[in-house]
Amino acid sequence: AKEAGKGKYMVFTPAFQQAFYERVQLEKYLRQAVQNGELLLHYQPQVDLNSERISGFEALVRWNSPELGFVSPLNFIKVAEDSRLIIPIGAWVLKEACRFGKRLQDEGYGDFLIGVNISVIQLLQNDFADHVQEVLRETGLKPQYLELEITESTIMESFDEMVVSLNMLRDLGISIALDDFGTGYSSLGYLKQMPITTLKIDKSFIEQVPDEGDSRSLARAIVLIGRKMGLKVVAEGVETQRQLQYIKRSRCDVIQGYLISKPVPEQDALALAGSNLRL
Ligand code: C2E
Ligand code: CA
Ligand code: CA
Ligand code: CA
């Protein structure tokens with residue numbers, strides 16, 4: 001047999017073939033999804049612990065495929081990134097979310113911060129800041145109501161370019177959140193160099209609060225770091241009253257999670273925005 005690595009013969013196991021086939025299919029359907037309007041956004045409220053009111057919504061993409069049924073973003077964002085389909089998908093998500101933010105204002109619900117997840121692929125496009133500015137102009141949403149969320153682990157891949165891009169966005173007056181914070185192992189030195197406004201503590205740290213000592217002190221340490229750096233700190237994945245009580249004492253600024261609401265369709269998000277929330 002030929003030596004491995006020469007690339008002459010590749011061994012396709014049935015399982016690999018199957019996975020490969022599924023991936024090709026997924027990409028094919030995803031390609032049509034934007035054009036055919038199969039994507040939609042759900043919105044999850046964020047509650048400010050000071051005012052105890054909803055202060056923002058995170059937009060989360062949903063895909064209802066006629067061929068595949070509901071597909072989780074956990075199962076298609078990676079494919080979208082690898083195929084660069086994330087560019088048109090991300091553009092659609094951004095515009096749709098900004099339109100929603102403006103709608104909340106126009107219909108008298110109030111001013112809410114709109115969180116939009118952004119992939120590194122988008123961020124590293126040369127004209128990304130121009131693109132965002134154009135979307136804000138088209139939708140009429142002011143930059144102070146937009147917060148772009150970037151996953152911590154991906155930021156380190158091309159750190160210098162990323163900082164340039166983030167600085168342009170900050171100059172526009174847009175907020176930048178470091179998402180899934182605590183899972184990406186970025187050093188505090190790097191953190192200081194990042195032009196960010198917000199830390200989102202990953203839900204894995206919140207999950208075991210307040211039962212488990214380690215994640216409890218980690219969650220608290222992250223809040224302290226964030227506050228020390230003058231950042232807004234958001235706890236995501238808050239599911240129980242006990243977690244809420246603990247997080248309140250840790251002096252986190254904002255919470256998000258099933259305890260308040262799951263991500264919901266636009267119509268339900270409007271109802272939440274108009275409701276008088278009690279924590
Ligand atoms: P993420 O940005 O960390 O979003 C939070 C995820 O946690 C969402 O999953 C949300 O539904 C879920 N979640 C919220 N509250 C709770 C809770 O209390 N408990 C638990 N267990 N989970 C909670 P979702 O919607 O499935 O999204 C998964 C990931 O897909 C997101 O993680 C984000 O990284 C990515 N994603 C979603 N929409 C977009 C998008 O428009 N663009 C990009 N680039 N990525 C997206
Ligand atoms: Ca996010
Ligand atoms: Ca997150
Ligand atoms: Ca995540």
Side-chain angles (χ1 to χ4, degrees), residues 30 33-34 38-47 54 56-64 70-101 113-125 128 132 135 146-155 175-184 196-209 215 219 222 226 232-244 247 252 254-266 268-269 272:
L30 194 55
V34 184
E38 296 165 22
L39 298 181
L40 66 159
L41 293 186
H42 280 187
Y43 298 94
Q44 187 174 38
Q46 301 181 322
V47 171
I54 295 175
F57 289 92
E58 178 178 0
L60 293 152
V61 70
R62 298 289 178 260
W63 178 20
N64 188 9
F70 268 101
V71 189
S72 160
L74 295 172
N75 294 325
F76 71 82
I77 291 294
K78 180 84 174 69
V79 175
E81 287 177 340
D82 292 348
S83 59
R84 302 191 70 80
L85 282 167
I86 195 69
I87 303 286
I89 290 173
W92 179 83
V93 167
L94 181 66
K95 189 164 178 184
E96 180 71 4
C98 290
R99 183 198 55 71
F100 173 64
L113 190 66
I114 304 297
V116 179
N117 293 286
I118 298 292
S119 151
V120 203
I121 314 248
Q122 292 171 274
L123 203 62
L124 292 181
Q125 296 276 293
F128 185 64
V132 175
V135 170
L146 181 61
E147 182 166 83
L148 301 180
E149 302 191 359
I150 325 284
T151 302
E152 187 204 3
S153 57
T154 62
I155 236 171
S175 299
I176 306 288
L178 202 53
D179 205 351
D180 299 348
F181 186 72
T183 62
I196 56 171
T197 53
T198 307
L199 279 188
K200 292 190 83 173
I201 307 177
D202 190 67
K203 55 179 177 287
S204 60
F205 296 106
I206 309 298
E207 226 164 52
Q208 294 151 348
V209 163
S215 59
I222 293 171
K232 181 177 85 179
V233 182
V234 181
E236 62 176 20
V238 179
E239 295 182 352
T240 67
Q241 271 294 336
R242 286 193 68 204
Q243 289 170 342
L244 172 65
I247 287 158
C252 209
V254 174
I255 59 158
Q256 185 181 344
Y258 295 166
L259 179 68
I260 310 295
S261 166
K262 293 198 164 186
V264 293
E266 177 157 340
D268 300 336
L272 282 168

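What you are looking at is a predicted structure, and each value in this text was computed from that prediction instead of being measured. Whatever order the structure lists them in is the order used to number ligands and atoms, beginning at 1.
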Contact check, side chains of [X] and [Y], non-hydrogen atoms, under 4.5 Å:
X: Leu146; Y: Cys98; answer: yes
X: Ser175; Y: Lys232; answer: no
X: Leu30; Y: Trp63; answer: yes
X: Val61; Y: Ile77; answer: yes
X: Leu41; Y: Phe100; answer: no

Is the side chain of Thr151 donor-acceptor paired with the backbone N or O of Ser153 at a distance under 3.5 Å, no angle test?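 Between the backbone of Ser153 and the side chain of Thr151 there is no qualifying donor-acceptor contact (under 3.5 Å).
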
I'd like to know if the side chain of Glu239 and the backbone of Gly257 have a donor-acceptor N/O pair within less than 3.5 Å.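 Judged by distance alone, no pair lies under 3.5 Å.
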
Test applied, side chain to side chain contact (heavy atoms under 4.5 Å, CB included); reference residue, [X]; option that passes from [options]:
X: Lys200; options: Val234, Leu178, Val233, Val254; result: Val234
X: Leu148; options: Asn117, Ile114, Ile118; result: Ile118
X: Val238; options: Ile260, Val47, Ile206; result: Ile206

Answer yes or no for Gln256: is there a heavy-atom contact with ligand 1 below 4.0 Å?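 It does not, in that no heavy atom of Gln256 comes within the 4.0 Å cut-off of ligand 1.
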
Would Gly90 count as a contact residue for ligand 1, given that I'm defining contact as a non-hydrogen atom of the residue lying under 4.0 Å from a ligand atom?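 Gly90: no contact with ligand 1 (<4.0 Å).
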
Pair Glu58, Gln44: side-chain N/O donor-acceptor within cut-off below 3.5 Å: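 Absent: no donor and acceptor within the cut-off.
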
Can you sort out which atoms of ligand 1 are near [X], meaning under 4.0 Å from one of its heavy atoms?
X: Glu239; result: 17 (C), 18 (O), 19 (N), 20 (C), 21 (N)
X: Asp180; result: 3 (O)
X: Pro263; result: 11 (O)
X: Leu74; result: 28 (C), 29 (C)
X: Gly257; result: 15 (N), 18 (O)
X: Val238; result: 18 (O)

Which part of [X] is near ligand 1, with near meaning a heavy atom under 4.0 Å away: side chain, backbone, both or neither?
X: Gln44; answer: side chain
X: Ile89; answer: neither
X: Asp202; answer: neither
X: Leu60; answer: both
X: Glu58; answer: side chain
X: Val61; answer: both
X: Lys78; answer: neither
X: Lys262; answer: neither

If you measure from [atom] to every heavy atom of [options], which option wins on shortest distance?
atom: atom 43 (C) of ligand 1; options: Thr154, Asn117, Asn75, Thr151; result: Asn117
atom: atom 6 (C) of ligand 1; options: Glu149, Lys203, Arg62; result: Lys203
atom: atom 17 (C) of ligand 1; options: Trp63, Tyr258, Phe76; result: Tyr258

So how many protein N, O or S atoms does the Ca ion (ligand 2) have within less than 3.0 Å?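 N, O or S atoms of the protein closer than 3.0 Å: 4.
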
I'd like to check the ring-ring contact (aromatic ring centres under 6.0 Å, His included) partners of Phe181; sequence neighbours left out, ordered by chain and number.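 Applying ring-ring contact (aromatic ring centres under 6.0 Å, His included) to Phe181 gives none.
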
Would you call the rings of Phe57 and Tyr43 parallel, tilted or perpendicular if under 30° counts as parallel and over 60° as perpendicular?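 Perpendicular: the ring planes of Phe57 and Tyr43 meet at over 60°.
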
Could you give me the CA-CA distance, side-chain angles and deciding distance for Ile196 and Ile150, then say whether side chain to side chain contact (heavy atoms under 4.5 Å, CB included) is met? CA-CA 10 Å; Ile196 56 171; Ile150 325 284; over 6 Å; no

Do Glu96 and Arg99 meet the salt-bridge criterion of a basic N to acidic O distance under 4.0 Å?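 Yes, charged N to carboxylate O under 4.0 Å.
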
